[in-house]
Chemist: 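Quick one: structure below, then a few questions.
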Amino acid sequence: MVKLIELRERAGMFDHGLRRLAGLDGSLIEALAEIGELWMLLPEATPIEARLPLAEACEACASALERDEAVSPLPLLTEAVLQSLTAEERPIVVAIAQVLGRLADGIARRRTATVPPAPSAAKALFVPDAFSNPSHVRFALKTTIAVMAAYVIYSGLDWPGISTSVTTCFFVALGSLGETMHKLTLRLAGAAIGGLAGALCIVYLLPEMTDIGQLCLLIGVAAAACAWVATSSELLSYAGMQIAFAFFLGVLQDYGPSTDLTVLRDRVAGILLGNILMSVVFSTLWPTSAADRARAAVAKALRMLGGLLGAEGAAKAGARLAVILALVDARKYAGLASFELRLLPVQAERRRGLDLAPSLDRLAGATFAVIEQPPDVQMAELALHFDAALSGWFAACAERVVAGAAWPALPAAILADAPPRRSSAIEVRQLLQSEIENAVAVPV
């Protein structure tokens with residue numbers, strides 16, 4: 001979903017006609033993301049009679065988008081099919097159908113949209129807390145200390161070839177130690193692979209080349225391999241750039257064939273020095289763990305889930321997509337925390353709260369299902385009481401996550417007085433309560 005958002009932003013930069021559709025496209029992306037979260041909760045045993053209309057509706061929406069045509073009438077779920085479903089299946093099927101209907105309406109509005117382009121907000125030169133948040137000053141000081149240490153070392157040793165240690169400090173400096181360690185690992189690995197490939201070419205291939213065509217072929221093959229790595233996932237793409245940089249720096253040293261391996265040796269040595277300096281400085285001076293950022297993202301997602309259960313939260317544009325993006329950030333930072341290699345103290349306490357991250361997708365899906373249910377007049381008071389209680393629980397849980405404390409207990413017997421009737425409004429809230437109980441049961 002993040003890739004889809006990035007592609008939409010890039011398309012808007014090159015096609016000015018898409019700018020006026022930014023709001024509609026954002027709502028379509030949000031609907032797609034919500035369907036993905038809901039689909040994870042759909043039981044595998046759901047009958048084909050309920051699955052088939054949903055699949056046909058997805059095909060109708062996809063066909064309308066691809067061909068830029070009107071959406072065909074979506075197949076409807078009959079009352080008989082809904083009544084045949086179990087209490088775990090019915091609310092999810094109803095929620096998916098509701099979102100698909102909203103998706104189809106959005107596609108139809110997009111085809112006939114005449115809305116003017118939204119005014120572009122003026123971008124400030126500095127972030128809002130640039131002069132009030134001490135973490136910005138600390139980050140600048142840590143990077144400066146590492147850069148100056150690298151400069152003093154290579155100047156004192158009279159070894160200008162390792163000046164890449166300075167640029168390494170600039171390139172790998174990121175907000176947390178986990179991010180920094182991850183990037184410097186990619187930089188070092190890429191430099192080693194590119195340097196080794198360049199050295200092999202200098203020793204075995206370049207002496208046999210006699211014209212520019214052969215050199216162009218070698219450069220083309222190497223560039224294609226590096227580009228293949230550079231276009232991979234965010235966790236690996238930076239290595240492709242470093243492989244290319246090290247390879248070209250070694251092979252294309254001068255106007256004639258390269259025969260000197262010193263450049264490659266010095267470059268790798270400089271990168272290694274920069275990595276060591278950044279690791280030492282960022283793990284000792286005001287260390288910021290990627291696990292802290294992951295917990296902040298988890299807390300943000302929990303607060304927004306609680307807000308969705310509020311009186312006007314369900315109608316807030318972009319709220320569901322914001323929850324999903326926060327979950328993406330939580331998973332990313334939780335993975336990057338493993339690169340810190342226990343360089344930070346009390347690592348166990350820093351990771352507390354991340355055990356809930358795998359359960360958050362199901363919590364989000366169940367919350368989305370709650371707000372997508374059609375209103376039930378008879379159950380309105382009980383549903384309002386449940387939503388208010390769970391909204392407070394999500395807010396309290398977010399505070400506990402930030403503090404690294406244990407999860408708060410779920411309010412007891414929220415649905416104890418629910419009448420024994422087949423109502424998706426009650427069934428979906430029982431599903432959400434069950435998902436929360438499963439998440440809270442995970443030890444921290």
Side-chain angles (χ1 to χ4, degrees), residues 1-2 4-5 26-43 46 50-51 54 57-58 61 77 82 85 87-106 297-298 300-331 356-376 379 383-384 386-391 393-395 397-398 414-415 423-439:
M1 198 55 60
V2 175
L4 182 58
I5 296 173
S27 64
L28 295 181
I29 294 175
E30 182 179 42
L32 290 173
E34 185 177 1
I35 290 173
E37 295 292 321
L38 290 170
W39 215 276
M40 290 191 299
L41 294 179
L42 188 66
T46 303
R51 288 177 174 268
L54 300 178
C58 291
C61 292
L77 291 164
L82 290 177
L85 300 177
E88 291 77 20
E89 299 165 348
R90 183 167 34 253
I92 304 302
V93 170
V94 170
I96 294 176
Q98 186 79 6
V99 181
L100 284 171
R102 193 168 68 247
L103 179 64
D105 291 341
V298 170
K300 179 181 179 181
L302 289 170
R303 291 192 189 96
M304 289 188 292
L305 288 175
L308 283 174
L309 292 174
E312 300 179 356
K316 187 176 180 181
R320 301 167 180 83
L321 184 59
V323 171
I324 295 172
L325 293 179
L327 298 182
V328 171
D329 285 342
R331 287 192 291 270
L356 187 60
S359 305
L360 280 177
D361 281 306
R362 297 187 64 87
L363 287 181
T367 304
F368 296 160
V370 168
I371 62 180
E372 293 295 348
Q373 299 303 310
D376 189 332
M379 298 291 107
L384 184 62
F386 174 90
D387 294 348
L390 263 295
S391 179
W393 182 87
F394 276 122
C397 192
I414 299 178
L415 296 175
S423 169
S424 62
I426 298 302
E427 292 168 345
V428 72
R429 287 168 172 82
Q430 291 173 336
L431 174 64
L432 176 56
Q433 181 173 337
S434 175
E435 291 295 338
I436 292 177
E437 290 171 350
N438 293 336

Chemist: CG/Leu321 to CG/Leu325 distance, rounded to the nearest 0.5 angstrom?
Modeler: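 If we round to the nearest 0.5 Å, Leu321:CG and Leu325:CG are 4.5 Å apart.
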Chemist: Drop me the distance from Asp105's CG to Ser27's OG, to the nearest 0.5 angstrom.
Modeler: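 Output value for this atom pair is 10.0 Å.
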Chemist: Residues two or more places apart in sequence or in another chain: which of them pass side chain to side chain donor-acceptor pair (under 3.5 Å) with Glu37?
Modeler: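 Here no residue qualifies.
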Chemist: Side chains of Trp39 and Ile92: does their closest heavy-atom pair fall under 4.5 Å?
Modeler: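 Not in contact.
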Chemist: Drop me the distance from Leu103's CG to Ile29's CD1, to the nearest 0.5 angstrom.
Modeler: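 Spacing of CG (Leu103) from CD1 (Ile29) equals 11.0 Å.
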Chemist: Would you be so kind as to tabulate the donor-acceptor pairs closer than 3.5 Å made by side chains of residues 301-308, with sequence neighbours excluded?
Modeler:
residue	atom	partner	partner atom	Å
Arg303	NH2	Glu399	OE2	3.4

Chemist: How far does CG of Leu432 sit from CD of Glu427, to the nearest 0.5 angstrom?
Modeler: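 The distance works out to 14.0 Å.
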Chemist: Looking at Pro91 and Val428, what are the two nearest heavy atoms and their distance?
Modeler: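 Looks like CB-CB, 3.4 Å.
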Chemist: Out of curiosity, Leu390 CG to Leu309 CG, how far, rounded to the nearest 0.5 Å?
Modeler: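 With rounding to 0.5 Å, CG (Leu390) is 6.0 Å from CG (Leu309).
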Chemist: So, taking the atom named OG1 in Thr367 and the one named CG in Leu360, what distance separates them when rounded to the nearest 0.5 Å?
Modeler: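 With rounding to 0.5 Å, OG1 (Thr367) is 9.5 Å from CG (Leu360).
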Chemist: Just jot down the salt bridge (charged side-chain N to carboxylate O under 4.0 Å, His left out) partners of Glu89, sequence neighbours excluded, or say none.
Modeler: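 Per chain and number, Glu89 pairs via salt bridge (charged side-chain N to carboxylate O under 4.0 Å, His left out) with no residue.
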Chemist: Specify the closest pair of heavy atoms between Ala297 and Ala326, including all atoms of both residues, with the distance to one decimal.
Modeler: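 In this case the closest contact between Ala297 and Ala326 is CB-O, 3.6 Å.
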Chemist: With the threshold set at 4.0 Å, does a side-chain nitrogen-carboxylate oxygen contact exist between Arg320 and Glu372?
Modeler: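 Judged by the 4.0 Å cut-off on N to carboxylate O distance, Arg320 and Glu372 do form a salt bridge.
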Chemist: The criterion is side chain to side chain donor-acceptor pair (under 3.5 Å); which residues satisfy it with Gln98, sequence neighbours excluded?
Modeler: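 Scan of Gln98 (side chain to side chain donor-acceptor pair (under 3.5 Å), adjacent residues dropped) gives none.
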Chemist: Are any of the side-chain nitrogens in Arg429 or Asp387 under 4.0 Å away from the carboxylate oxygens of its partner?
Modeler: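 Salt bridge: yes.
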Chemist: Holding to side-chain contact (heavy atoms from CB on, under 4.5 Å), I want the full list of residues that pass it with Ala57, two or more places apart in sequence or in another chain.
Modeler: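 Testing Ala57 for side-chain contact (heavy atoms from CB on, under 4.5 Å), a comparison that skips the adjacent residues, returns Leu74, Pro75, Leu100.
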Chemist: Provide the closest heavy-atom pair for Leu41 versus Glu435 in the form atom of the first, atom of the second, distance.
Modeler: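 So the minimum-distance heavy-atom pair works out to CD2-OE2, 4.0 Å.
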Chemist: If every non-hydrogen atom of Arg51 is compared with every non-hydrogen atom of Thr46, which pair is closest and at what distance?
Modeler: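 Taking every non-hydrogen atom into account, NE-O, 3.2 Å.
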Chemist: Could you report the tightest heavy-atom contact between Ala97 and Leu77, atom names first, then the distance?
Modeler: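 Here Ala97 and Leu77 meet closest at CB-CD1, 3.9 Å.
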Chemist: Run the side chain to side chain contact (heavy atoms under 4.5 Å, CB included) check on Val323 and Phe368 step by step: do they pass?
Modeler: CA-CA 10 Å; Val323 171; Phe368 296 160; 4.2 Å; yes
Chemist: What pair of heavy atoms forms the shortest contact from Ala33 to Ile324, and how long is it?
Modeler: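 So the minimum-distance heavy-atom pair works out to CB-CD1, 3.2 Å.
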